[in-house]
Amino acid sequence: MASVAFEHVTKRFGDVVAVEDLDLHVDDREFLVLLGPSGCGKSTALRMIAGLEEPTEGAIRIGEHRVDGVDPKDRDLAMVFQSYALYPHKSVRQNIEFPLRSRKVPPAERTQLVQDAAGQLGLSTLLDRKPRELSGGQRQRVALARAIVRRPAVFLMDEPLSNLDANMRTATRAELVELHQRLGTTFVYVTHDQVEAMTMATRVAVMSEGSLQQLGVPQEVYDRPANVFVAQFIGSPPMNVVPGPVAAPLGVGRDDVVVGIRPEHLMIGTAGISAIVRVVESLGHERHVLCEADGHRLIVRCPAHGDAPVEGDAVHLSARPEHLHLFDASSGQRVA
Amino acid sequence: MATRTIGRYALLTFCAVVVFLPIYVAVVIAIQPAARVVDFPGVLLPKSLTLEPFRNAMRSGNLGRYLVNSGVVTAFIVGGQVITSILAAYAFAFVQFPFKRVVFTLFLATLMVPAEATIVANYETIQHFGWLDSYQALVMPFLATAFGTFLIRQAFLGVPQDLRDASALDGYGHWGFLRGVAVPLARPAIAAFTVFSFLLAWNQYLWPLLVTNDDAHRTVQIGLKSLAGANVANLNLPAAGAVIAGLPIFFLLLFFQRHLVRGLTSGAVKG
């Protein structure tokens, strides 16, 4: 068990800054999700914890120990890769025991540990198969088994669900949360999928362009996004963001702000922002009404059943004052 | 469509005839008595069969000793080339060091230097070490090859970076990754190179002729040359010798065929 800390870590690849001045502390036994779009530096940050990349500046600690410069094998961590990185020429058993062999674990103990790990992940009957004979979900379990078999202090996961189909992803999300609770170990999990972040994380670190944008528990990040980027990245459909003057009918009396309103907080009524309905999307359990006001797009989340406007209708959109998020128009940072 | 298929088969049949006819001629001449050999083209349809030419070739040509010499020399050359090629290929594929591209380009450039161009320098080196008429003379100049390094490096480059990373986290350094992951995954290319290296080593002629003068170290291809100098009436003797000398290659190809095809087509088709 161990905490992980980035202390003002910067990573450059030539002139490209992949991670900039990252200062982040992952608590012991925490499930921290690094969330952000492609190229935001989240995978580089993870690889720096693993020792697969070295920071250009700053320090990384695992527990009390500074680990930058320490070999990956000596950091007491395991990683699950997006591609699973299973050795294709080895059986499931050999894949799982591979990390034990390098550490000279005696054969009898090795067999026991492999059986335990395989048992925990429902792989006991597949031990003699090769990875190519397994489904995507089974391969993912083998990668997890290989990670848990030697009980590392920290688990690193780099988008481990992104190659699974939607149903399997939902099921595996719950299993990962369960696994985290059972193992009581620190998890650092990288994803671009906000649903994974919201459902699994104890805290979410949202990154963009190499910088940490916000760190907090998922609900807090959703309810009080620190800036426009986080506001629009978290939530599906994303938060509506319009300039202050457009939101004036909602009682916003400032021109130097942009106003964010979650789609579920916008209401179609008789007062508020004048808009024209452009598209109505039905998702079965709800409807998304896409409106246009002064050239700005606004999405309203409506119930699946009941009255709803149709394309071309002129509507008014309103929201309660406590549901308005104000961001500075130039910096994008939250002001209220 | 049908015309195309017929055309393809016609071309393949022609190629097969071109390749197999000399082998067929050698075999049928080798298994018939000397008197029949001059009866051309009747000799191509064997009537009275005999193994006598093989016995004569082994006895008068001293092929037994030459075969052993060729076997020893080939084993060392193939072993040496495979080991040095794997190690060099690993360095070029996975290890970061200054001027890697330049060094690799220089390495590849040696492929363009014909063997004949280095033969005098190599001869002088071998003579300087006092290795003439020895196995060292036959083996040492051929222990490393740019071709093998290139072929195996390409196979190593196909090993996903994630596997390298996973292996580092699993506790393996360069050596462990090489033995446990890279070499097993590059096996088809290594097998293909092994066959190629074996063919070249086994069929060497000019170099062994140059650096060996005694029967104790001469190789089978030189032995064949002495058989070929026999009377024209005994043409079945060199033919039998050629068949004997070709047998190891035949069995090698038979054994490695699966790997060879996989090695030469790896990456060409979805695996």
Side-chain angles (χ1 to χ4, degrees), chain A residues 43-44 46-54 67 70-91 94-105 110 130-132 139 142-150 152-160 163, chain B residues 82 86 89-90 93-101 151-152 154-194 256 258-263 265-271:
Chain A
S43 286
T44 305
L46 194 78
R47 289 174 63 81
M48 283 194 284
I49 304 174
L52 301 171
E53 303 286 354
E54 285 299 327
V67 293
V70 175
D71 260 5
K73 66 180 164 61
D74 299 324
R75 296 188 181 202
D76 196 16
L77 40 81
M79 185 161 166
V80 178
F81 294 81
Q82 183 177 358
S83 66
Y84 313 139
L86 300 180
Y87 306 111
H89 57 296
K90 293 182 188 293
S91 66
Q94 290 168 327
N95 264 284
I96 298 174
E97 71 175 7
F98 199 55
L100 302 176
R101 279 181 175 271
S102 71
R103 287 169 175 82
K104 309 269 185 276
V105 175
R110 210 163 60 209
K130 290 276 172 62
R132 65 171 176 274
R139 286 179 201 185
V142 177
L144 280 172
R146 187 176 66 186
I148 67 170
V149 72
R150 60 181 180 79
V154 180
F155 280 100
L156 307 177
M157 302 197 180
D158 191 359
E159 310 211 21
N163 288 340
Chain B
V82 168
I86 286 174
Y90 184 87
F94 295 114
V95 182
Q96 298 304 323
F97 56 88
F99 308 113
K100 188 163 110 170
R101 287 176 70 94
L151 192 72
I152 297 170
Q154 295 310 104
F156 281 166
L157 289 179
V159 176
Q161 178 64 32
D162 276 359
L163 291 189
R164 174 83 195 90
D165 293 341
S167 147
L169 284 158
D170 285 343
Y172 293 88
H174 285 303
W175 191 241
F177 175 65
L178 175 70
R179 284 195 334 168
V181 182
V183 165
L185 289 181
R187 212 172 47 191
I190 294 170
F193 172 64
T194 302
F256 274 102
R258 195 165 54 94
H259 295 292
L260 199 61
V261 172
R262 225 195 301 168
T265 58
S266 65
V269 288
K270 194 166 177 285

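In what follows, every chain begins at residue 1, and chains take the letters A, B, ... in the order their sequences are listed. Just so you know, these numbers use all the heavy atoms, side chains as well, and skip hydrogens, waters and symmetry mates.
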A:R139: partners by salt bridge (Lys or Arg N to Asp or Glu O under 4.0 Å), with sequence neighbours left out: none
Any residue of residues 168-178 of chain B which, by heavy atoms, sits under 4.5 Å from chain A: B:A168, B:L169, B:D170, B:G171, B:Y172
Output the option from A:S83, A:P72, A:A85, A:P99 having the highest count of non-hydrogen pairs under 4.5 Å with chain B. A:P99
Considering only heavy atoms, which portion of A:F81 lies under 4.5 Å from any heavy atom of chain B: side chain, backbone, both, or neither? side chain
Which heavy atom in A:R146 sits nearest to a heavy atom in B:A166, and how many Å separate them? NH2-CB, 3.7 Å
Crowded around B:F99 CZ? As in, over 12 foreign heavy atoms under 6.0 Å? no
If you take all heavy atoms of B:P184 and A:H89, which pair is closest and at what distance? CB-CD2, 3.3 Å
With chain B, the option among A:Q94, A:R47, A:Q82, A:R75 that has the most non-hydrogen atom pairs under 4.5 Å is A:R47
Which of the residues A:L156, A:L52, A:D74 is involved in the greatest number of heavy-atom pairs with chain B at under 4.5 angstrom? A:L52
With sequence neighbours excluded, residues passing salt bridge (Lys or Arg N to Asp or Glu O under 4.0 Å) with B:R164: none
Which one wins on heavy-atom pair count under 4.5 Å against chain B: A:P88, A:A147, A:A78? A:P88
For A:R101, the salt bridge (Lys or Arg N to Asp or Glu O under 4.0 Å) test, sequence neighbours excluded, returns A:E97
Kindly check if the number of other-residue, nucleotide or ligand heavy atoms within 6.0 Å of CZ (A:R103) is above 12? yes
